[in-house]
2 protein chains.
Amino acid sequence: MVVSPDIYNLHQPMLVAVDCIIFGFDERGLKLLAVKRQMDPARGEWSLMGGFLGGNESLDEAAARILHQLTGLTGVYMDQLYAHSHPLRDPGARVVSVSYYALIKISGHNQEQAKAHGAEWFKISEIPPLIFDHNEMVEMALQLLRRQAKTKPVGFELLPEKFTLPQLQALYEAIYQKELDRRNFRKNIQSMGLLEKLAEKDKAGSRKGAWLYRFNIEKYEAFKNQGFFFNVSV
Amino acid sequence: MVVSPDIYNLHQPMLVAVDCIIFGFDERGLKLLAVKRQMDPARGEWSLMGGFLGGNESLDEAAARILHQLTGLTGVYMDQLYAHSHPLRDPGARVVSVSYYALIKISGHNQEQAKAHGAEWFKISEIPPLIFDHNEMVEMALQLLRRQAKTKPVGFELLPEKFTLPQLQALYEAIYQKELDRRNFRKNIQSMGLLEKLAEKDKAGSRKGAWLYRFNIEKYEAFKNQGFFFNVSV
DNA sequence: CCAAAAGTGTTCGCCGTACACCCATGA
DNA sequence: TCATGGGTGTACGGCGAACACTTTTGG
């Protein structure tokens, strides 16, 4: 494929992996999707979904491929997080792993496919010990999520298409582990003009029922490109 | 060194590189340190200082080693930026490069050593075309610098030990490419209690002379760990 | 009729922002 | 003495934060 000048040959090639920190959200809170590892070493332990970078793909492509393998989803919101490189981090070989974080709608993914990989959702507060440095990766991903929740409309990625304001507020409360004032929250969110009120109510959460909303996708895209400030104070 | 279960052998190892985006600051503005590349391909073109990740080091260690090779400095402020992975990004081989950004005091580095590597400082606004995807890396590093300047006392890393408030303000103006109000700037900075006024003036910039300050290192460390908000509005 | 969650406005204090004049000095 | 950059205080507006009562409806 390419010339390989001598200088390149003096150095040690190594495996490059991608690990995905997959977050979801439902009525019971913010959750992480982990899998039972199906290879040695550490077979049978809990792990992030991962894989190796192929010779003809970028890391973004690899991350999307790996997420798709597990969930059947495409076009998911993903961000590169960090390159983890301790020489002994993977006892099986010298592997540099680049972590990606993904936000998915729990209800939208292919559950059989996930189950076939031994995947399970864990509440953020109840994440089991994971292999290697995967718990660290999750911790970093949570920090990034908290940062991004202030400047990007992450709710768009984690909630179903139609959602209620109490749900949206619960999402922010789960991300920040902090109760928010209902009136201030509504004022802030609604002042952005991102939400469209629908003519339906969701009666699942209460007798009275809460109005359903959806995001206005054009405004969302405009915000995403122009930089952005999501007005939720924490 | 380690067992290599079969699964690992099915995947293609590749080179992992580190490239350093080195920023400095002097009276003429914010600057980038670039080198004339001394190997094929692209020998003789401008490039970031880089090198390959060794078998027994982490990326942080490699970045520190590479920075030290060029500048003689140790203990420098560095942050991992991004893993660049387009399959064809380096025409010499399949190389994933992890970029690091570094903030150094221009006056403190070993200038002969830098010259021996063909290094030169470029004003941020006059950066020449660099090899591969290095210009992109610089662009990302600038964005990170701008983000961090709001939440971390980056001035501490870029200014000499003793500096004046006009210098500090010029640094922020260079980072944000925006003029700041002198009175508001001073109020904000001084309200943080990070600065110690010295009994000397610097007469280099004006006839009247400006008071010299230094950072209070204990308060700086406390801030750095506890999270932080540098009150400069942009 | 009552429990449980949804919905709604106002007040206050602080912080960010705008703005203009005097000071010290070397040439 | 004057040109140049350094140093200082105040007033206003808007935003974040705190806070309590009414509405709906299924059981």
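Numbers restart at 1 for each chain; the letters A, B, ... are given by sequence-line order, proteins then strands.
One can place CD of B:Glu27 at 16 Å from C1' of D:dG5, the figure rounded to the nearest angstrom. Rounded to whole Å, atom P of C:dA5 lies 15 Å from atom NZ of A:Lys201. Distance OH (A:Tyr176) to P (D:dG16): 14 Å, rounded to an integer number of Å. Regarding A:Arg207, its CZ atom lies at a distance of 12 Å from the P atom of C:dA6, rounded to whole Å. A:Lys203 has its NZ atom 17 Å from the P atom of C:dA4, to the nearest Å. Rounded to whole angstrom, the span from the NZ atom of B:Lys178 across to the C1' atom of C:dG16 amounts to 11 Å. At whole-Å resolution of the value, CG in A:Asp202 and C1' in D:dT24 are 15 Å apart. The CZ atom of A:Phe185 sits 15 Å away from the C1' atom of D:dG16 (whole-angstrom rounding).
No side-chain donor-acceptor contact under 3.5 Å links B:Glu136 and B:Tyr82.
A tilted orientation is assigned to the rings of B:Phe163 and B:Phe215, their planes being inclined by 30° to 60°.
B:Asp19 has its side chain out of reach of B:Leu81: every pair of non-hydrogen atoms, C-beta onward, lies at least 4.5 Å apart.
Closest to the side chain of A:Lys208, out of D:dA3, D:dG7, C:dG7, is C:dG7.
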What pairs of donor and acceptor atoms, side-chain ones from residues 200-211 of chain A against any protein atom, are under 3.5 angstrom apart with sequence neighbours left out?
from, atom 1, to, atom 2, distance (Å)
A:Glu200, OE2, A:Lys162, NZ, 2.8
A:Asp202, OD1, A:Ala204, N, 2.9
A:Ser206, OG, A:Gly209, N, 2.9

Which atom pairs link the protein and nucleotides 8-13 of chain D when you take only N or O atoms and keep those under 3.5 Å?
from, atom 1, to, atom 2, distance (Å)
D:dT10, O4, B:Lys187, NZ, 2.8

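B:Arg214 pairs by the salt bridge (Lys or Arg N to Asp or Glu O under 4.0 Å) definition with B:Glu196, not counting sequence neighbours.
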**Q.** side chain to side chain contact (heavy atoms under 4.5 Å, CB included) between B:Ile104 and B:Leu73, worked out
**A.** CA-CA 9 Å; B:Ile104 76 172; B:Leu73 298 170; 3.8 Å; yes
